[in-house]
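Reading through the structure tokens given below for one structure.
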Amino acid sequence: MSVTFLGIFILFLFSAAYSFGVKRALAISRENSVPIRDFNSLPSYHGAYIALQATLPCIIILFLWFALEPVVISHILRINLQKIFPGIPNNELSLWLYKIKAAATGESSFFKIDESVRPLVSMYITLKHSSRWILSGVVIVVGLASAAFLFQRISPQLKARHRVEAIITGLLGACGVFAIFVTLSIVVSVLFESVRFFRNVPLWEFLTGTQWNPHIAMRPDQVATEGYFGAIPVFAGTFLISFIALLVAVPIGLFAAIFTSEYAPPKLRAIIKPVLEILAGIPTVVYGFFAALFVGPFVRAIAEQFQLEVASESALAAGLVMGIMIIPFVSSLSDDAMSAVPLSLREGAYALGATKSEMIKRVLIPAALPGIAGGMLLAVSRAIGETMIVVMAASLRAKLTLNPLDAVTTVTVQIVSLLTGDIEFDNPKTLSAFALGLALFVMTFLLNLFAFLIVKKYREQYE
Amino acid sequence: MKNFIAKFINTSALSRDNSYCYQDVSVFLSDTSQLKSKEPFSLPESSKKPCIVCRNVNVFYKNKQAINDVSLDIYRREVLAIIGASGCGKSTFIRCLNRMNDTIEGCRVTGQILFDGIDIHSKDMDVVLLRARVGMVFQKPNPFPKSIYENVAYGPKIHGLAQSKRELDEIVEVSLRKAGLWDEVKDRLSHSGLSLSGGQQQRLCIARTIAVNPEVILMDEPCSALDPIATARIEELMAELSQEYAIVIVTHSLQQAARVSHRTAFFHLGSLIEIGPTEEIFTRPSKKLTEDYITGRFG
Ligand SMILES: Nc1ncnc2c1ncn2[C@@H]1O[C@H](COP(=O)(O)OP(=O)(O)O)[C@@H](O)[C@H]1O
Ligand SMILES: [Mg+2]
């Protein structure tokens, strides 16, 4: 019996329970001649209460079942495999499990299945099948039984309204907890892999080393150099490109924001603001080829006029394009911050005989500064984490330099190159990607936190 | 005088005003001797030239008329109170006097407003200078989010009134003294203006206005966000300031108008109904509308 069916059943149960609940409440009112206004809750709340309370256990059972089923089935198979091959090592056991599952789904004639293991394949199929049947039975019984039980309890005194409130509060809370849980598990998994990396490469070397060359031998027969895992050049490259991006984005974004919030007539503002925000919606891969195909060669052509050495994947080209990309972050948040400065402050300045630009310089910008700074920090953390532009326009080779015309690499570029292609997960080369990822995460997290605190302080100021 | 106030207290039972309770008014009665500035002003003699002259002023928001053919004069060293029900155009009118309405989209002013004999809408009048000479204090205290010192120094700085840091310090101190705030803040000039209490903030805004050396100070319900004690401080301050400046105060509180002003103008639905010495307006109003408003028959 399929999951789709169970889904339909739950929906059906929900709507049926609701309408029966409403009808029942109305019937009770009629039979006992208790007017609805003397009920603790309106009939719709009785319906909602029964519907929610009856379907929720079904949904919970469904989820738990899907979480636990593979674990239980694997466990049963393992026990049986151990009976067939006594003393089999763990990794071979896992391989067998994988083969059995592949054979059962008919995915692969690629794996050869021994005759001795054949019965386990059919056993797996049966287990899975019966598990689904049992699940369907349990869900249907629980759903109908709880609906029937709750149906009996409908009475003028039932506090259905409060119960619905409690259930909804619980559901909202569960969603919040779920989001936090997912975030935390991502962090923990990255942390876990990073710890494995730091078993191979000391943390100190990672944080202070000035050479980065992770391309070590993956198999004993490969010829390769010894790896260097000093992350400084990689982070230096990230900061160089982000810094160039800020040099572009901060002035342009801020001036654009001043124009839109203070000078532009409403009609023009209604055009400019959305257009600027569209910049944020352009896929970064488009910026990437813009950088690689146009800005890169352009920078090169200009620099050659001045007899300057330019790498074709210069930090300058990547930074310029990234700067254009983050303009909307700066301009939009600055515009919001400046528009939020109360009219009374502007009038205060005008009433002292300030001109518009004096008002902006001495009153508006200082008053909006926390919001502007918050926007800039968000833009920075966006720049640091940006991947696609630099993958296309920055170099792969880590070089420790401050020259914007040189080619540098970034953290995100390295992570992409380390995790694409031929990889093996217990090799320091691959694991170093997680360490870089963790460092990046910590950095952007702190920046965001900082931005958040500033913005929050700023909000309080005018409340 | 006492007689008039006593009569006024009787009628104010009906008035909608709530910024003062009776007790406060009676406290004020015993204090009234301290308000020395009230008496010296007498009606303008022919020799005394008005400082602002308004003739046939109309104000429109888009197509809606908010002020209808108002003509009145404002003299130096007087406090003119503007009273009237909410929405009758009091704020609109005083915002004309320093062209603050320019900042409102779709607001149009017609008629003549002469400041020192010059039409404020003419090319000869620089709006920035006009606003420096006709200062304004708003309903809600609006100190800049800067230090107390910077708040007061802002105006003198943009107008280049001080040649040196010392002169600027002096302007700040004198302005704060005149606003009666110096003793309370002299040890914390570098603290944020927002750290002060509401009443102190309002006095800071007054100090800020005084610092650019205006000739007229416009006040739009300057006490309506303040408690009675802070209000009493501001009223005392107005009495002192009126020895130097012309003050136009919009107020919701009839008692306040009675206490602080030399002349009172009553507005109704955008028109000036009556203007005259405060005592006359409150005791022998010549128009029925004025009387009804004063006695609280409508709000
Ligand atoms: N910015 C504006 N746009 C349109 N109408 C306005 C504006 N400001 C005030 N008004 C209208 O003008 C009239 C007078 O308002 P206002 O001067 O604020 O009255 P008061 O200060 O006496 O309470 C009111 O009817 C009000 O609705
Ligand atoms: Mg008003």
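Computed over heavy atoms, backbone and side chain alike; hydrogens, waters and symmetry mates excluded. Throughout, a chain's letter reflects where its sequence line sits, starting with A, and its residues are numbered from 1.
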B:I158, part contacting chain A, at a heavy-atom distance under 4.5 Å: both

Bottom line for B:R99: the part with an atom under 4.5 Å from chain A's heavy atoms is neither

Give a yes or no on whether A:F450 atom CZ has more than 12 heavy-atom contacts from other residues, nucleotides or ligands under 6.0 Å away. no

Whatever's closer than 4.5 Å to a heavy atom in chain A on B:M136 counts as both

B:P214 versus chain A, heavy atoms under 4.5 Å apart: side chain, backbone, both or neither? neither

May I ask you to decide if A:L352's main-chain N or O and B:H159's side chain share a donor-acceptor pair within less than 3.5 Å? yes

Looking only at heavy atoms, which two atoms of B:M100 and A:E347 are closest? And how far apart? CE-O, 3.0 Å

If I measure from the heavy atoms of chain A, does B:F138 come under 4.5 Å with its side chain, its backbone, both, or neither? side chain

Just verifying a value: how many Å separate B:N142 CG and A:L343 CG, rounded to the nearest 0.5 Å? 9.5 Å

Looking at chain A, which one of B:V212, B:V128, B:T209, B:V127 has the largest number of heavy-atom pairs inside 4.5 Å, strictly under? B:V128

Note, A:E358 side chain near B:K157 side chain (heavy atom, < 4.5 Å): no

Between B:Y154 and A:V363, is any pair of side-chain heavy atoms under 4.5 Å apart? yes

Separation between OH of A:Y350 and CG of B:D102, rounded to the nearest 0.5 Å: 10.5 Å

If you count heavy atoms of other groups shown closer than 6.0 angstrom to CD of A:E277, is the number above 12? yes

Is the number of heavy atoms from other residues, nucleotides or ligands under 6.0 Å of A:F445 CZ greater than 12? no

Would you say the side-chain atoms of B:K146 pair up with the backbone N or O of A:R362, donor to acceptor, closer than 3.5 Å? yes

Is there a side-chain contact between A:L345 and B:P145, using heavy atoms and a 4.5 Å cut-off? yes

